[in-house]
Amino acid sequence: MHYKIPSEIGSELKINRLFYLTDLLVVLIMGGGGFTLRYVVHPSFIWYYATFWIILMMTWLVRPKSNPKMRMVKALGLAVFRDRITYCSMDTEEKEKGES
């Protein structure tokens with residue numbers, strides 16, 4: 001018996017050309033959370049709350065142009081929580097040529 005291992009384990013399931021199954025789950029979960037939490041918001045601020053929640057969902061779903069395989073939330077998280085102490089020297093070849 002041979003088991004076939006898929007070449008792309010982390011691939012996402014497409015519903016249509018632009019919409020993935022992950023997108024649908026995010027919309028359902030965040031929509032449900034937003035609908036549940038709307039009772040906490042004062043009635044005069046419901047439109048602001050709905051606008052904020054829609055912007056939050058779109059930020060979660062949009063893919064950045066610099067890395068289309070990553071979601072915007074992950075890209076923002078990597079930018080905010082990166083280790084600022086770790087760095088990589090870019091001039092290693094210049095140092096080696098200058099020392100010879």
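Positions are given from 1, in the same order as the sequence printed here. Here the structure is a predicted model, which means the values were calculated and not measured.
Other residues, nucleotides and ligands contribute only 12 or fewer heavy atoms inside 6.0 Å of the CH2 atom of Trp60.
Distance check: Arg38 CZ to Ile46 CD1 gives 7.0 Å after rounding to the nearest 0.5 Å. Ile15 CD1 to Leu24 CG: the interatomic distance, rounded to the nearest 0.5 Å, is 4.5 Å. How far NZ of Lys65 is from CE of Met72: 10.0 Å, rounded to the nearest 0.5 Å. Tyr49 contributes atom OH, which lies 4.5 Å from atom CH2 of Trp53 (distance to the nearest 0.5 angstrom). Of the inter-residue distances, the one linking Phe81 atom CZ with Leu78 atom CG reads 10.0 Å to the nearest 0.5 angstrom.
By the rule that hydrophobic residues join a cluster once side-chain heavy atoms approach within less than 4.5 Å of another member, Val41 and Leu37 end up as members of one cluster. Using a 4.5 Å cut-off between side-chain heavy atoms of Ile, Leu, Val, Met, Phe, Trp and Tyr, with links allowed through other members, Ile29 and Leu56 fall into different hydrophobic clusters. Tyr48 and Met57 fall within the same hydrophobic cluster, where Ile, Leu, Val, Met, Phe, Trp and Tyr residues are linked whenever their side-chain heavy atoms come under 4.5 Å apart, directly or through other members. Under the 4.5 Å side-chain contact rule for hydrophobic residues, Phe35 and Phe45 do not share a cluster. There is no path of hydrophobic side-chain contacts, each under 4.5 Å, that joins Ile55 to Leu61.
Asp23 and Arg71 are joined by a salt bridge, as a carboxylate oxygen and a charged side-chain nitrogen come within less than 4.0 angstrom of each other.
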